[in-house]
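We count residues from 1, following the sequence as given.
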Amino acid sequence: MRIVVLVSGTGSNLQAVIDAVTAGALDVEIAAVGADRPGTFGVERSAAAGIPTFVVDFKAYPDRAAWNAALTETVAAYAPDVVVSSGFMRIVSAGFIDAFGGKYLNTHPALLPSFPGAHGVRDALAYGVKVTGCTVHWADAGVDTGPIIAQEAVAIEDGETEESLHERIKVVERRLLVSTLASLAAAHNGRK
Ligand code: GRF
């Protein structure tokens, strides 16, 4: 199963995928890693691991439609079976998702449909919920919407900060992303 991973930041979830592949524990081929802006550590660490990388800089295009078209063309060149949004902080168009047969996987640091958006951890903390967590789902063109594949809960502790909570969620999120990809790869390889 070929995947293209999209990142906007540090890419620690991506690193968990790279590590699992390197360890022989995850039967996927990371065809490429791409970002929506230059200078991300996610792209840097992928290049260091010998993975092809690309940047389709959102700010370099006149509008969202032009950026979406460029992103679609760039990702399609790697012929992925699944595209993974792993801390990719841009909403893609329905056309992008259709181009990959709807196989656009997203990971989110909250228990969807609660707390979608860019600040899922902060919003859960501010609301005062006692349990939050993470979600891996097939993404549609909405904000963190689409069929849920896997979720895991994380209890919120007293005195928690957004940073400490996000770090604890990400420990679970990395594991959930890798195990979800492993299940999808097993199903994909079984079909071949
Ligand atoms: C993850 O929690 C992801 O769900 C969220 O941003 C974080 C990205 O972390 N959207 P990293 O770049 O994988 O370290």
Side-chain angles (χ1 to χ4, degrees), residues 1-22 26 28-100 102-110 116-123 134-146 162-163 166-167 169-171 173-174 176-178 180-181:
M1 186 173 87
R2 289 169 63 81
I3 64 170
V4 167
V5 183
L6 302 177
V7 296
S8 295
T10 59
S12 68
N13 283 284
L14 160 68
Q15 187 65 54
V17 176
I18 296 172
D19 290 347
V21 171
T22 306
L26 177 59
V28 307
E29 182 185 347
I30 306 173
V33 169
D36 59 326
R37 60 189 182 87
T40 61
F41 189 52
V43 159
E44 199 183 302
R45 66 166 97 218
S46 305
I51 298 166
T53 62
F54 61 85
V55 173
V56 181
D57 187 356
F58 187 80
K59 296 201 168 121
Y61 292 85
D63 54 34
R64 185 172 282 276
W67 174 79
N68 260 293
L71 183 69
T72 306
E73 194 183 328
T74 305
V75 174
Y78 294 98
D81 298 301
V82 174
V83 181
V84 182
S85 158
S86 182
F88 190 56
M89 304 306 277
R90 300 273 177 201
I91 300 301
V92 297
S93 66
F96 176 91
I97 295 167
D98 287 351
F100 303 105
K103 300 293 186 196
Y104 185 50
L105 195 73
N106 183 43
T107 165
H108 182 74
H119 304 292
V121 178
R122 186 189 306 171
D123 294 346
C134 53
T135 304
V136 178
H137 68 108
W138 291 120
D140 59 24
V143 178
D144 298 317
T145 52
E162 182 181 354
E163 290 69 31
H166 200 171
E167 225 15 83
I169 290 172
K170 277 166 71 165
V171 171
E173 194 179 7
R174 292 175 195 126
L176 207 62
L177 176 60
V178 169
T180 301
L181 284 171

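Each of Glu163, His166, Glu162 was evaluated against Arg122; a single residue qualifies, Glu162, per the side chain to side chain donor-acceptor pair (under 3.5 Å) test.
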Apply side chain to side chain contact (heavy atoms under 4.5 Å, CB included) to residues Val17 and Leu26 and explain how you reach the verdict. CA-CA 8 Å; Val17 176; Leu26 177 59; 3.9 Å; yes

Show your working on side chain to side chain contact (heavy atoms under 4.5 Å, CB included) between Val4 and Phe54 and close with a plain yes or no. CA-CA 10 Å; Val4 167; Phe54 61 85; 4.0 Å; yes

Passes side-chain hydrogen bond (donor to acceptor under 3.5 Å, both in side chains), Arg174 versus Ser12? Steps please. CA-CA 8 Å; Arg174 292 175 195 126; Ser12 68; 2.9 Å; yes

Evaluate Asp81 against Lys103 for side chain to side chain contact (heavy atoms under 4.5 Å, CB included), listing each step before the verdict. CA-CA 7 Å; Asp81 298 301; Lys103 300 293 186 196; over 6 Å; no

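In this structure, the separation between CG on Asp140 and OG1 on Thr145 is 3.5 Å, given to the nearest 0.5 Å. His137 contributes atom NE2, which lies 11.0 Å from atom OG1 of Thr180 (distance to the nearest 0.5 angstrom). With rounding to the nearest 0.5 angstrom, the CG atom of Leu105 is 11.0 Å from the CG atom of Leu6.
At least one side-chain heavy atom of Val143 sits less than 4.5 Å from a side-chain heavy atom of Ile91. Looking only at side-chain heavy atoms (C-beta outward), Phe88 and Val83 stay at 4.5 Å or farther from each other. Considering only heavy atoms from C-beta on, Glu173 comes within 4.5 Å of Pro109 through its side chain. Counting only heavy atoms from C-beta outward, the side chains of Ile18 and Val21 never approach each other to under 4.5 Å. Side-chain contact between Thr10 and Lys170: present, with at least one pair of heavy atoms (C-beta onward) separated by less than 4.5 Å. Using a 4.5 Å heavy-atom threshold, the side chains of Thr72 and Thr74 count as separate. Between Asn68 and Tyr61, the closest side-chain pair of non-hydrogen atoms is not below 4.5 Å. Phe58 has its side chain within reach of Arg64: a pair of non-hydrogen atoms, C-beta onward, lies under 4.5 Å apart.
Panel note: side chain Trp138, backbone Gly102; no donor-acceptor pair is recorded below 3.5 Å. Judged by distance alone, with hydrogens and angles left aside, the side-chain atoms of Arg45 form no donor-acceptor pair with the main-chain N or O of Leu14 at under 3.5 Å. In this structure, Asp144 contributes its side chain and Gly117 its backbone to a donor-acceptor pair below 3.5 Å. No donor-acceptor distance shorter than 3.5 angstrom exists from the side chain of Arg2 to the backbone of Ile30, with no hydrogens or angles considered.
For the residue pair Ala141 and Ser93, the shortest heavy atom distance occurs at CB-C, 4.3 Å. Here the closest heavy-atom approach between residue Asp123 and residue Pro116 is recorded as OD2-O, 4.3 Å. Pro38 approaches Val55 most closely through the heavy-atom pair N-CG1, 3.8 Å. Nearest heavy atom pair, residue Val7 against residue Gly42, reads CG2-CA, 4.1 Å. The shortest heavy-atom contact between Tyr78 and Thr53 is OH-O, 4.3 Å. A pairwise comparison of heavy atoms in Ala110 and Gly120 identifies CB-O, 4.2 Å as the closest pair.
Between Phe96 and Tyr104, the angle of the ring planes goes over 60°, which puts this pair in the perpendicular group of the 30/60° scheme.
Inspection of the Asn13 and Ser86 side chains reveals no N or O donor paired with an N or O acceptor under 3.5 Å.
Note on Asp36 versus Arg90: salt bridge recorded, some NZ/NE/NH1/NH2 to OD/OE distance being below 4.0 Å.
The environment of Glu73 atom CD is sparse: at most 12 non-hydrogen atoms of other residues, nucleotides or ligands sit within 6.0 angstrom.
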